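Here is the structure we will look at.
Treat the numbers as computed from the prediction; the structure is a model and nothing was measured. In what follows, every chain begins at residue 1, and chains take the letters A, B, ... in the order their sequences are listed.
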There are 2 protein chains.
Amino acid sequence: MHPRTRSYHHGDLRAALLTRAEETLREKGPAALSLRELARDLGVSHAAPSRHFKDKQALLDALAQSGFERMAAVLGASQDGVPEKISEQVEAVVRAYVGFARDNAALLDLMYSVKHDPEASDALLEATQRWSDLVLRLVADAQARGEVREGPLEHTALPVFATLHGYADLAVSGMLPPEMDEHGLDVVIAFILRGIRP
Amino acid sequence: MHPRTRSYHHGDLRAALLTRAEETLREKGPAALSLRELARDLGVSHAAPSRHFKDKQALLDALAQSGFERMAAVLGASQDGVPEKISEQVEAVVRAYVGFARDNAALLDLMYSVKHDPEASDALLEATQRWSDLVLRLVADAQARGEVREGPLEHTALPVFATLHGYADLAVSGMLPPEMDEHGLDVVIAFILRGIRP
DNA sequence: ACCTGAACACCGTTCAAGT
DNA sequence: ACCTGAACACCGTTCAAGT
């Protein structure tokens with residue numbers, strides 16, 4: 001009857017599941033995420049997803065992984081055309097990170113949730129590595145230019161990392177007096193710069 | 001038959017549910033938390049919990065609230081007997097916060113999750129306020145002693161907040177090169193002190 | 001007041017069977 | 001290869017009824 005009886009998803013059910021899952025996550029929260037409903041939305045049987053994700057957790061892990069990858073891309077792009085000056089670079093990264101966090105609050109929650117089972121997620125680990133490397137490299141370069149205090153990279157970059165992430169997380173979970181949601185960004189950037197300057 | 005047929009929980013089913021829920025959260029993670037299993041564990045019918053929590057979410061909110069309250073207590077206690085010197089005070093708070101985060105990883109996740117529905121959780125909001133007030137007061141006092149740079153409290157305390165929370169969250173979700181899990185603490189404390197000194 | 005039992009509409013996961 | 005249908009053992013929530 002319907003012209004799309006034979007695979008609406010062009011054999012790309014896996015990708016379709018991920019896309020739809022992220023929409024649901026964004027619109028209705030993580031609790032509303034069900035494999036059966038996803039399957040219903042995509043017009044396949046409830047057992048079909050299991051061909052592509054052995055588990056609900058596997059779907060969530062894949063979602064988290066794609067989140068880290070896109071975040072790395074956003075952070076990377078934030079440095080385009082920014083002069084090699086640590087203050088401007090830090091400002092750009094912080095704004096990009098907080099922006100990503102705001103636009104993908106529920107996804108970020110999932111990305112940093114304590115869940116993802118130890119094994120099976122080497123890909124996830126690699127994805128997280130990629131964006132932390134980005135910050136590390138940024139700090140390392142500035143250090144080479146003498147704009148950042150000396151010391152092992154883990155010592156100089158770690159607190160930047162922590163402050164960046166902490167501010168975004170607090171802002172996203174509504175823990176901040178809302179009157180400074182925007183102003184707070186400048187304050188945090190200035191704080192980071194004070195903390196890393198030579 | 002059994003001597004405990006009449007209310008094993010001495011009419012304190014609500015408290016018993018919270019206690020057991022937190023055990024399950026700690027031992028088996030949030031996904032394993034089910035009202036029905038909780039009821040089974042406590043020897044009541046599966047419908048009994050609804051007398052005390054209108055919702056599963058209500059149970060989770062109550063759990064989060066008790067988390068914030070205990071965290072405020074731990075942070076408060078961390079200042080006992082600490083000399084009025086901002087460096088020592090910050091060190092004590094940071095260690096206390098990270099310690100609490102480590103000991104209650106899953107609970108912290110829940111506390112900061114994007115979930116808790118806007119209404120119904122005034123109590124929750126109040127509980128979060130209490131611990132942020134603690135940090136605010138600490139910074140304000142040090143500021144009065146001239147140990148912290150001038151400026152509105154939200155500007156001086158906010159980044160402390162962010163760094164503190166960010167480090168704990170990263171450490172707990174295993175995002176840090178584990179070799180500096182302990183050493184990182186010192187680095188972060190030093191960074192915070194650099195950021196707030198006059 | 002507090003709890004039970006049954007009922008309803010959902011889940012995730014597995015597995016034979018179809019194409 | 002990829003998907004279906006039925007089956008199994010679970011869920012959360014509601015509501016009459018019991019004590």
Treating primed atoms plus P, OP1 and OP2 as sugar-phosphate and everything else as base, which nucleotides of nucleotides 7-19 of chain C get B, S or - for protein heavy atoms under 4.0 Å?
B---BBBBB----

Expected output: side-chain B:Q143 to main-chain B:P152 donor-acceptor under 3.5 Å
no

Between A:R26 (side chain only) and A:D103 (backbone N and O only), is there a donor and an acceptor less than 3.5 Å apart?
yes

Determine whether more than 12 heavy atoms belonging to other residues, nucleotides or ligands lie under 6.0 Å from atom CD of A:E27.
yes

Mark yes when over 12 heavy atoms from residues, nucleotides or ligands other than B:R137 sit less than 6.0 Å from its CZ; otherwise mark no.
no

For residues 187-198 of chain A, dump all side-chain donor-acceptor pairs below 3.5 Å to protein atoms at least two apart in sequence or in another chain.
unit_1, atom_1, unit_2, atom_2, d
A:R194, NE, B:G195, O, 2.8
A:R194, NH2, B:G195, O, 2.9

Nearest to side-chain heavy atoms of A:A48, which nucleotide of D:dT4, C:dC3, C:dT4
D:dT4

Could you name each residue pair satisfying ring pair (Phe, Tyr, Trp, His ring centres under 6.0 Å) that touches residues 29-48 of chain B, not counting sequence neighbours?
none

For residues 76-86 of chain B, dump all side-chain donor-acceptor pairs below 3.5 Å to protein atoms at least two apart in sequence or in another chain.
unit_1, atom_1, unit_2, atom_2, d
B:S78, OG, B:L75, O, 2.6
B:Q79, NE2, B:Q89, O, 3.2
B:K85, NZ, B:S87, OG, 3.2

Nucleotide pairing, DNA chain C (Watson-Crick or G-U, distances under 3.5 Å), in dot-bracket with [ ] and |
||.|||||...|||||.||

Could you pull out all residues at least two apart from B:A72 that satisfy side chain to side chain contact (heavy atoms under 4.5 Å, CB included)?
B:W131

